[in-house]
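First the structure, in the form of structure tokens, and then the observations on it.
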Amino acid sequence: AQMYKRLGVYNDEFQTAAAPSAGASDAATAVAHSVSGLGQVKGLGSNNWVVSGQRTQSGMPLLANDPHLGLTAPAIWYFTHLQATETPEGQAPLNVVGATLPGLPFVVLGHTKGVAWGFTNTGPDVQDTYLEQIDPNDSTRYRLPKPDDAEAAWASFETRQELIRVKGGDDVALQVRSTRHGPVISDLPAYQWLDRKRYALALRWSALDANNATVEAGVRSNVAQSVPELIQAYRSYHSPMQNVVMADTTGRIAYKAVGAVPVRAADNDLRGVVPAPGWEPRFDWQGWIPYEDTPQDDGAPGWLATANQRVHAPDYPYFLTQDWVVPYRKQRIDQLLAKTPLHSVRSFAAIQNDVVSLEARAWLPHMHKIVSTHPMNGAAQSIMKDWTGQMSVDSAAPLIFNAWLAQLGQRVIRERLGAPLFERVATGKQQFRPGLLAIIEANDKAWCGEGGCAERMNQAWDAALVALSERYGPDLAAWRWGDAHRAISEHKPFGKVWPLKRFFDVSVPSAGDGFTVNVGQYKLDDSDQAFANRHAASLRAIYDLSNLERSVFIYQTGQSGNVLSNRYRDMSQEWAQGRYRALRMEPKTVVNRLSLLPARP
């Protein structure tokens, strides 16, 4: 904030209008607005794990994967079996099955005859923003780095014209400017706080680099037959970085983080957290972390698991990020993997569908200290007395618990930050909850007020009971988490059209919350359905390396994108109930087959 004030990055109107609320400075407000516009870690993510044959009933590896994404109808994934007998010389025949994404000519997650793999997002910091100082004598130029004894150097913005065609309206002509770091994003209306006569804000993002060969790596992965071949195939993978767990039919397992992450200079103390002066060379990227040095593990302990937690030791020599997801899911996966001596597809399915929240268990000692005179308090406390953090679909306890924390966040975080700043950085996010827990445990009166945090917890409890009774009625025994926490796969675009959404959206009661292995993220700013599950396991897959024909999968809608098809939503109930379907390369029967043949002269 001091650097920004010294540089004078704010326009005069912003400095006048952005009066601090509850102690938040105009600089903090501006930075929060900038970060919010670019996207923040929200506690979202995925799970994958693999165990070696020494930990399975079959004596061969098992591998599980459930990537967590926004729920849509049709589903983002499409399962398919790809075969090609005619391939380029020296390349193995293509024979792979698994989940594909629109526009990508390969299976993203799945297995070949010899190897299986699964992804979670590593979440590295691969975006930096740069303040580009504009030449006061020529607004078409921006400042370059220079030696200390030289005069300022300037370069011209690169420009190009984009034409956006608007149905039923006039075309929109957009001029896009770029610097040596990347596209200028401050030309958008969201950056009104910036003095754009003096500065521009440019984005450096790994995914925009011309050497992005992710598609090539994906194609190569589809012909790999072993763990070493798969690791080699992903050498050219670029963005976004993924934690890949893998296993092959020889019994080998491994973990490798694949993708491009920038190397930042040792004296780059900003580390991409806030926009850096673009004319100071210490903030420029110094290259890429070598592929051999990205985090990896050969699975010697017998299993490997990732759930978007920190994936390297404290002495790792490179900076990946400082925004790791809290490790509750990873800790729970490790607990369940350790609990069963020899695993099977059935035990893996139970882990994928586990709804115990370790985050909730951390809150229980504080919740049990609540003092309330609300008429419904006795019934509510009776329900919560023996609750162990199970986010079960048919229980009232998860609903009471999550409603209480939603009210507590409003009374502690929102009141301290002020409504404008809170809405700017917290909309749709639950990631304040670990920070809120730290505030409560410390009884931090700077956040809770002079009455202390116990007073805030009591107030939030009463407010939650009032809100829930108004929504679900006075009979607590009839409250169900699944009724409030329906998994809604929204159709694009008909989910936004009221008469059509009931036909195109796919909705089922669901368990879990944002911190369970079986994730169910909700958005508190969803005015109609505050606890609706909008972000969950977009697919679940389990691969059995003892016989890959015994592998299974499921996702939350169906294989068809045609709402009139009986395959449009036929998997939804099975997905919600933790069931699976067979994933076979050689099914006993084939109903439909699509063959693409090259044209012959």
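Residue numbers run from 1 in the order of the sequence given. Bear in mind the structure is a predicted one, so any value in this text is a computation, not a measurement. Excluded from the calculations below are hydrogen atoms, water molecules and symmetry mates; all remaining heavy atoms, backbone and side chain alike, are included.
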Review point. Between Thr250 and Ser226, does a side chain to side chain contact (heavy atoms under 4.5 Å, CB included) hold up when you go through it step by step?
Key: CA-CA 8 Å; Thr250 70; Ser226 67; 5.8 Å; no
Exercise for review: Give a yes-or-no answer on whether the side chains of Asn212 and Thr214 include a donor-acceptor pair shorter than 3.5 Å.
Suggested key: yes
Check your understanding: Any side-chain heavy-atom pair from Ile440 and Trp363 closer than 4.5 angstrom?
Key -> yes
Point to revise | Contact check, side chains of Val50 and Trp117, non-hydrogen atoms, under 4.5 Å | key: no
Review point. Can you check salt bridge (Lys or Arg N to Asp or Glu O under 4.0 Å) on Arg416 and Asp444, steps first, answer last?
Key: CA-CA 12 Å; Arg416 180 66 179 87; Asp444 191 338; over 6 Å; no
Review point. With side chains defined as the heavy atoms from C-beta onward, is the minimum distance between Leu201 and Leu131 less than 4.5 Å?
Key: yes
Check your understanding: Do Arg264 and Asp269 pass the salt bridge (Lys or Arg N to Asp or Glu O under 4.0 Å) test, and can you show the C-alpha distance, the side-chain angles, and the key distance before you say yes or no?
Key -> CA-CA 9 Å; Arg264 293 175 174 88; Asp269 52 346; over 6 Å; no
Practice item. Would you please name every residue forming a ring pair (Phe, Tyr, Trp, His ring centres under 6.0 Å) with Tyr291, sequence neighbours left out? Key: none
Point to revise | Counterpart residues, side chain to side chain contact (heavy atoms under 4.5 Å, CB included), relative to Ala75 (two or more places apart) | key: Tyr555, Gln556, Thr557
Check your understanding: ring pair (Phe, Tyr, Trp, His ring centres under 6.0 Å) with Trp279: which residues, sequence neighbours excluded?
Key -> none
Practice item. Tell me, please, which residues at least two apart from Tyr130 pass ring pair (Phe, Tyr, Trp, His ring centres under 6.0 Å). Key: His181
Check your understanding: Looking only at heavy atoms, which two atoms of Leu545 and Gly114 are closest? And how far apart?
Key -> CD1-O, 4.3 Å
Point to revise | Cys448 backbone acceptor or donor facing Arg456 side chain under 3.5 Å | key: yes
Review point. Is a donor on one side and an acceptor on the other found under 3.5 Å between the side chain of Arg55 and the backbone of Leu337?
Key: yes
Check your understanding: Is it true that Arg271 and Asp125 have a side-chain N and a carboxylate O under 4.0 angstrom from each other?
Key -> no
Exercise for review: Carefully, step by step, assess Glu292 and Arg235 under the rule salt bridge (Lys or Arg N to Asp or Glu O under 4.0 Å).
Suggested key: CA-CA 9 Å; Glu292 289 75 16; Arg235 177 174 289 274; 2.8 Å; yes
Check your understanding: Is Ser357 reaching over with its side chain to a backbone N or O of Phe515, donor-acceptor style, under 3.5 angstrom?
Key -> no
Exercise for review: Could you walk me through whether Gln242 and Leu109 pass side chain to side chain contact (heavy atoms under 4.5 Å, CB included), step by step?
Suggested key: CA-CA 12 Å; Gln242 301 292 324; Leu109 303 169; over 6 Å; no
Practice item. Measure up the Tyr191 and Trp193 rings against each other and bin them: parallel (under 30°), tilted (30 to 60°), perpendicular (over 60°). Key: tilted
Point to revise | Asn65 side-chain N/O to Asn47 backbone N/O, donor-acceptor pair under 3.5 Å | key: yes
**Study point:** Side-chain heavy-atom pair Gln175, Asp187 within 4.5 angstrom cut-off
**Key:** no
Check your understanding: When you check the side-chain N and O atoms of Asp128 and Trp285, is any donor under 3.5 Å from an acceptor?
Key -> yes
**Study point:** side-chain hydrogen bond (donor to acceptor under 3.5 Å, both in side chains) partner of Arg204, chosen from Asp209, Thr129, Thr179
**Key:** Asp209
Point to revise | Pairwise distance CD(Gln335) to CG(Leu358) - rounded to 0.5 angstrom | key: 5.0 Å
Exercise for review: Measure from the side-chain N and O atoms of Arg252 to the backbone N and O of Val227, and report whether any donor-acceptor pair falls under 3.5 Å.
Suggested key: no
Review point. Side-chain contact, heavy-atom cut-off 4.5 Å: Gln309 with Ile333?
Key: no
Check your understanding: Heavy atoms, side chains only, cut-off 4.5 Å: are Cys453 and Val412 in contact?
Key -> no
Check your understanding: Would you say Tyr255 and Val244 make side-chain contact, with heavy atoms under 4.5 Å?
Key -> no
Revision key, fill the gap. The complete set of side-chain hydrogen bond (donor to acceptor under 3.5 Å, both in side chains) pairs with one or both residues in residues 295-305, sequence neighbours excluded, reads Lys256-Gln296, Trp303-Asp334
Check your understanding: Ignoring hydrogens and geometry, is there a side-chain-to-backbone donor-acceptor pair from Gln192 to Pro189 under 3.5 Å?
Key -> yes
**Study point:** Under 3.5 Å side-chain donor-acceptor pair for Thr120 and Asn243
**Key:** yes
**Study point:** All ring pair (Phe, Tyr, Trp, His ring centres under 6.0 Å) counterparts of His366, not counting sequence neighbours
**Key:** none
Practice item. Give a yes or no on whether the backbone of Ser46 and the side-chain of Asn308 come within a donor-acceptor separation of less than 3.5 Å. Key: yes
Study note, to complete from the structure: Of all heavy-atom pairs linking Pro262 and Trp288, the shortest is N-CE3, 3.7 Å
Check your understanding: Is there a donor-acceptor contact under 3.5 Å from the side chain of Thr100 to the main chain of Tyr78?
Key -> yes
